[in-house]
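This report concerns only the one structure given below.
So you know, we letter chains A, B, ... as the sequences are listed, proteins then strands, and number each from 1.
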There are 2 protein chains.
Amino acid sequence: MARVKRKEEILNIACKLFSQKGYHGTTIRDISDACGILAGSLYAHINSKEDLLYEITVRGARSFLDSLRQVVQSKGPASEKLRQALRAHIRVVAENIEAATVFFHEWKALTGERLQQIQQKRDEYEQMWEEILHEGIRSGEFPALDEKFARLLILSTGNWLYHWYKPDGPLASDEIADRFMNLILTGLMGKKEGSVADD
Amino acid sequence: MARVKRKEEILNIACKLFSQKGYHGTTIRDISDACGILAGSLYAHINSKEDLLYEITVRGARSFLDSLRQVVQSKGPASEKLRQALRAHIRVVAENIEAATVFFHEWKALTGERLQQIQQKRDEYEQMWEEILHEGIRSGEFPALDEKFARLLILSTGNWLYHWYKPDGPLASDEIADRFMNLILTGLMGKKEGSVADD
DNA sequence: CACAAAAACAAGCGCTTGTTTGTTTTTATA
DNA sequence: TATAAAAACAAACAAGCGCTTGTTTTTGTG
């Protein structure tokens, strides 16, 4: 029952603890206790504590990049791509809130080239958002958009999500994305089209 | 020269290190080294490491609350209050980016009632934003606003700021606030009124 | 200059950290 | 049921942790 799965279980437990107490605030013994084994026994499965953090963050990065890439490569108006992109982003956060928390909050505890590697993936991700917005300007959909600040507005909203999202909340992740996107597209003073009663 | 100032100097140094390496990632010896004294000598000035974190975060909370309170108590249309509120928020972040980083990123390392106290101040702060938005709905300025998500959109943007703001950037903090507010009020597809060339 | 207060030193306390090593137990399979 | 591999134990390591104590140096002020 625990052949190849034990490593995954450790990863999940570490992820949960890192998200709750932070990487530096979590000890190897915290993790081994939660696994029900002694601290030394962990090292039959892992090479180092930082390896755990790296594995968690690199998987997080992959989730975000893969799901956004699909949207970027799709066809349709930029506003629709934007909506699907935010849906994808929020879906990733919602489906694994603990990993998302570690990815956003603890990645800077990495060192050396692993730190740089994750930084690079984050840059990649932002660039893909930039592409969508730029396409919307080129096509005339977003007339004279303040591109950089539009990107920051959207990414801030998506990146802050892990601070308040609760899996047992009343709204599905797509609904959350749509409500944000309605606001972002038409603004606080814009006309409504069902942003309050939306289903 | 260092009568009452030494404590402040220690606080500043701790703030800088906490913002760079995190609370748990910073040691007492990191701080004392940066101060040019031995680790034990620090304890002539402080009671504990956590006291440093508490002092930094409580000052941060005070800055945000005080500056927003002034805006809430002022008169004028809600959209103008909203603009002034975001200006105030971003000004606080910009004027002390390190303290803001600790306030937003490290406050959860506090324990016991101090943790609860800061949590409470954060709730207070969000409530004041809620008030401004609610006033805008009551007055008819924001017709059928999705209140909760509007608040989250604005707060996410403000709270994420510490991740990317650089004090030596080209834009003054009020300009940053205004660009965001222009987007937030009229939306990505809304008409412009000088959001790119704004003064 | 004298002197008390403030600041820093020097040494080390008890404990925890991440990790290693050698041995024993559990497990799946032949 | 024998056996090899996988997993966990038991014990400890060197280093580092936050913090305390007793003493010395520095400092501002009468």
* Considering only side-chain heavy atoms of B:R6, which listed nucleotide, C:dA8, C:dG18, D:dA8, is closest? -> C:dA8

* Nucleotide D:dG16, atom P - distance to NE2 of B:H24 in whole Å -> 20 Å

* Asked: Is the cationic atom of A:K108 (NZ for Lys, CZ for Arg) positioned less than 6.0 Å from the six-membered ring centroid of A:Y23 and within 45 degrees of its normal?
  -> no

* Asked: Is any side-chain heavy atom of B:F180 closer than 4.5 Å to a side-chain heavy atom of B:I154?
  -> no

* Asked: Taking the six-membered ring for Trp, is the centroid-to-centroid distance between B:F103 and B:F64 below 6.0 Å?
  -> yes

* **Rounded distance (Å) that lies between atom P of C:dT16 and atom NZ of A:K49** => 15 Å

* Whole-Å distance separating the CG atom of A:L38 from the P atom of C:dT16 -> 16 Å

* To do: Please evaluate the base of D:dG18 for a donor-acceptor partner in the side chain of B:R29 within a cut-off of under 3.5 Å?
  => yes

* Determine: side-chain N/O of A:H45 to OP1/OP2 of D:dA8, distance under 4.0 Å, yes or no. => yes

* **Atom-to-atom span, NZ of A:K5 to C1' of D:dA7 - whole angstrom** => 17 Å

* Quickly work out the B:I46 CD1 to C:dA8 P distance and round it to whole Å. => 13 Å

* Round to a whole Å and report the spacing from CD1 of A:I10 to C1' of D:dA6. => 12 Å

* Asked: Would you say a side-chain N or O of A:T27 is under 4.0 Å from OP1 or OP2 of C:dT16?
  -> no

* Asked: Contact class for B:S32 (heavy atom, under 4.0 Å): base, sugar-phosphate, or nothing?
  -> nothing

* To do: Check whether any side-chain nitrogen or oxygen of B:S41 sits under 4.0 Å from OP1 or OP2 of C:dC9, and answer yes or no.
  => yes

* Asked: Taking the side chain of B:I37 as heavy atoms from C-beta outward, which of C:dA10, C:dA8, D:dA10 is closest to it?
  -> C:dA8

* Asked: For residues B:Q84 and B:S74, is any side-chain donor paired with an opposing acceptor at under 3.5 Å?
  -> no

* Asked: Parallel under 30°, tilted from 30 to 60°, perpendicular over 60°: which one fits the rings of A:W160 and A:Y162?
  -> tilted

* Can you find a side chain N or O atom of B:Y43 that sits less than 4.0 Å from OP1 or OP2 on D:dC19? -> yes

* Asked: Within the structure shown, what part of the strands sits under 4.0 Å from A:I28 by heavy-atom distance: base, sugar-phosphate, or nothing?
  -> base

* **Atom-to-atom span, CG of B:L42 to C1' of C:dA10 - whole angstrom** => 15 Å

* Value in whole Å for how far the P atom of C:dG18 lies from CG of A:L53 -> 13 Å

